[in-house]
Amino acid sequence: MSQTAPLTVLRGTPVVPGVAYAHAVVATAAVSPEAIARFEKAGPPDADEALAAYDTAVAATADALAARASALSGAAAEVLTATAGLTRDKGLRAAVRKRLRAGEPLLGALAGAVDQFAGVFTQMGGLMAERVTDLRDIERRLTARLVGEPEPGVPVPDQPSVLLAEDLAPADTAGLDAALVVALVTERGGPTSHTAIIARQLGIPCVVGVHGALTVGAGTPVMVDGTTGEVTLSPDPEQAAGLVAEARAAREALSQWTGPGRTADGTAVKLLANVADGTSAVKAGDGPVEGVGLFRTELSFLDRKDEPSVEEQAEIYAKVLEPFADQRYVVVRTLDAGSDKPIAFATLEGEENPALGVRGLRLSFGNPGLLERQLEGIARAAEQTGTETWVMAPMVATVPEAADFAAAVRKHGLKAGVMVEIPSAALLAHQMLEVVDFLSIGTNDLTQYTMAADRMATDLAHLTDSWQPAVLQLIAITAEAGKQAGKPVGVCGEAAADPLLATALVGMGITSLSMALAAVRPVGAQLAAVPMDTCEQAAEAALGAVDPMAARAAVRDVLAR
Ligand code: PEP
Ligand code: MG
């Protein structure tokens with residue numbers, strides 16, 4: 001009697017749904033220790049020659065990145081150009097030179113300089129901390145050039161493959177071809193990591209935080225399920241092909257969905273877009289959305305040293321409002337500066353713990369003019385375009401904060417709301433709704449603050465998961481408060497983009513879901529397939545689960561009934 005060997009199934013956090021099956025290719029992260037040892041024995045004899053070798057390696061690496069950039073367009077080209085720029089960074093060179101002059105060997109000087117900059121970026125936190133992945137990537141590329149090895153990174157497969165990596169740097173993923181890389185699996189990285197973002201853009205299944213991913217040999221047949229988070233090694237080929245075909249058919253059905261958002265039995269759920277600027281607003285305006293649920297205003301000012309005038313702000317905001325002047329509406333979020341989004345003219349410097357510091361609405365406590373001028377700019381844009389405009393504040397912790405903010409917004413004749421990103425705001429949702437017109441749950445921060453887990457931490461993917469029972473309970477409390485008050489309660493964090501979770505959120509009483517435009521059709525199609533009482537059962541099942549994986553499985557079971 002033949003015995004079938006048990007399948008090896010690795011598990012991680014699913015971040016982009018879909019099923020893929022292909023041979024594994026593995027991104028190499030390290031330069032071989034033998035080559036490093038050889039170089040260390042016979043490397044440049046003095047500091048001047050070492051610096052010259054560094055300059056040559058920098059030029060070759062940056063030129064290669066720039067050449068890749070010139071063959072691409074859009075975001076991929078921008079990412080590669082930015083990495084080429086960071087490779088040539090004068091500050092990094094000065095730090096290397098200083099170390100060489102102090103007698104350090106070249107590779108040690110490079111590693112030390114990169115550590116020094118990585119430390120600074122990490123302390124700045126958030127988006128700047130994300131650049132540490134870039135810096136480490138540059139260090140690996142330069143080290144490989146110096147020791148005479150090919151640059152490490154993502155192999156370009158010649159047939160459709162599943163890419164496994166420790167984590168992926170922006171330069172690794174820029175220009176990835178979705179026809180050749182059919183799924184991404186990483187050992188590290190969380191739901192908001194660069195890997196997850198790029199997979200979402202490419203529309204390929206992705207699972208992050210998969211322990212043991214790098215032990216999978218290149219060439220192993222792998223099936224990736226971006227809905228369950230399972231990575232199955234050497235599955236039955238026929239069964240795998242069947243599951244891939246099923247997932248593909250489901251995906252194709254999604255693209256037929258044209259809105260508006262409704263459950264199968266007709267309960268309206270507003271599906272909205274998250275936008276960053278006029279360009280993304282124009283794109284969203286052409287999509288099947290009823291408006292914008294989150295305009296992140298701070299993203300327009302990341303590179304600004306000085307606060308833009310009211311007139312300039314009005315112009316920027318009007319570009320976002322304009323595409324929605326046709327009876328739709330836009331929720332503008334006031335500056336969420338600080339922590340992961342430092343803004344030179346607003347953020348306080350030198351905070352010990354910026355995520356728990358003076359960020360978001362808190363910046364206006366010591367600088368009320370900052371908020372007042374922004375509200376004036378928003379009001380002018382609203383008047384100029386005629387678009388229905390709602391305004392909400394980020395990082396609200398107390399009811400008096402919400403009341404003061406609402407009063408300031410209403411003076412301009414606009415609808416006022418607050419974000420629920422801090423557990424205190426969720427627990428006080430009833431009272432919050434007595435003083436504001438609407439609530440919008442920012443599940444990215446709500447998860448971070450509920451679980452005490454940095455949303456950017458690459459090793460905490462299991463905690464920075466909005467399916468965590470405690471996060472779901474807080475969402476349910478907030479949604480119930482909205483139902484009782486008869487006021488809208490939306491979700492605008494990443495959780496809104498998860499079709500499975502969307503059913504449970506709607507079942508809890510959430511009235512709108514705001515997400516990246518690419519996620520709108522999958523979420524809309526999923527909701528259209530499920531009646532409201534099933535959504536309610538999904539909510540109950542998710543709330544009754546003990547952990548995120550159990551919650552996903554419980555909701556899947558409800559939907560499959
Ligand atoms: C959130 O925290 O979920 C949110 C939508 O805000 P941001 O991601 O911009 O912090
Ligand atoms: Mg937030």
Side-chain angles (χ1 to χ4, degrees), residues 15 125-130 190-194 196-197 200 271-277 280 284 291-302 320 330-343 346-347 354-363 390-397 401 405 417-426 429 438-457 463-468 470-472 474-475 478-479 489-498 501-502 505 510 512-517 519-520 523:
V15 286
L127 287 181
M128 292 311 287
E130 287 260 294
T192 53
S193 63
H194 180 77
I197 291 165
R200 222 168 268 132
L271 297 188
L272 309 166
N274 290 354
V275 303
D277 52 21
S280 53
V292 166
L294 171 63
F295 166 24
R296 290 179 162 105
T297 55
E298 66 282 352
L299 298 184
S300 298
F301 308 125
L302 284 176
V320 173
V330 173
V331 183
V332 182
R333 176 173 74 184
T334 54
L335 272 189
D336 187 21
S339 189
D340 56 335
K341 287 162 287 197
I343 306 279
T347 315
L356 299 181
V358 184
R359 62 167 291 205
L361 180 68
R362 298 166 181 190
L363 281 163
W390 303 11
V391 186
M392 66 181 180
M395 288 295 288
V396 174
E401 283 173 14
F405 177 78
V418 295
M419 291 188 74
V420 174
E421 299 185 285
I422 305 176
S424 68
F438 69 96
L439 296 176
S440 181
I441 307 175
T443 45
N444 308 334
D445 276 314
L446 185 62
T447 306
Q448 152 163 279
Y449 294 124
T450 303
M451 304 308 297
D454 182 345
R455 60 194 267 185
M456 297 294 175
L463 294 177
T464 53
D465 185 334
S466 300
W467 285 85
Q468 279 288 351
V471 179
L472 296 178
L474 290 170
I475 296 173
T478 312
V489 173
V491 170
C492 65
E494 288 298 312
D498 176 342
L501 185 49
L505 296 176
I510 292 297
S512 70
L513 297 166
S514 191
M515 64 205 87
L517 187 61
V520 172
V523 169

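Read the numbers this way: they start at 1 and go in the same order the structure lists the ligands and their atoms.
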Beyond-backbone contact of V418 with M392, side-chain heavy atoms, under 4.5 angstrom: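 Contact flag for V418/M392 side chains = no.
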Residue pair D336 / R296, side-chain heavy-atom distance below 4.5 Å: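 They are not in contact (no side-chain heavy atoms under 4.5 Å apart), so the answer is no.
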Where E298 and R333 come nearest, the two heavy atoms and their spacing: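 Looks like OE2-NH2, 2.5 Å.
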Over all atoms of both residues, closest heavy-atom pair of G417 and F405: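 Minimum heavy-atom separation between G417 and F405: O-CE2, 3.3 Å.
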Three-point angle D445:OD2, the Mg ion (ligand 2), E421:OE2, rounded to the nearest 10°: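 About 100°, to the nearest ten degrees.
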For atom 10 (O) of ligand 1, the protein heavy atom that lies nearest, with its residue and separation: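 Here the nearest protein heavy atom works out to R455 NH1, 2.8 Å.
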Can you list the atoms of ligand 1 that are under 4.0 Å from a heavy atom of [X]?
X	answer
G493	3 (O), 5 (C)
D336	10 (O)
R296	4 (C), 5 (C), 6 (O), 7 (P), 8 (O), 9 (O)

From E298, E421, M419, R333 - option closest to atom 2 (O) of ligand 1 by heavy atom: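 Result: the heavy atom closest to atom 2 (O) of ligand 1 is in E421.
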Whether D336 has an N, O or S atom under 2.8 Å from the Mg ion (ligand 2):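 Within the cut-off used here (under 2.8 Å), D336 places no N, O or S atom near the Mg ion (ligand 2).
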Contact partition for L294 relative to ligand 1, non-hydrogen atoms under 4.0 Å: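 L294 to ligand 1: side-chain contact only, backbone stays beyond 4.0 Å.
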Contact partition for N274 relative to ligand 1, non-hydrogen atoms under 4.0 Å: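 For N274, no heavy atom sits under 4.0 Å from ligand 1.
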Q448 side-chain N/O to R455 backbone N/O, donor-acceptor pair under 3.5 Å: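 Yes, Q448 side chain to R455 backbone: donor-acceptor pair under 3.5 Å.
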Backbone N/O of G357 and side chain of R362: donor-acceptor pair under 3.5 Å: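 Yes, R362 side chain to G357 backbone: donor-acceptor pair under 3.5 Å.
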Between T447 and S466: side-chain donor-acceptor atoms closer than 3.5 Å: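 Indeed, the side chains of T447 and S466 share at least one donor-acceptor pair under 3.5 Å.
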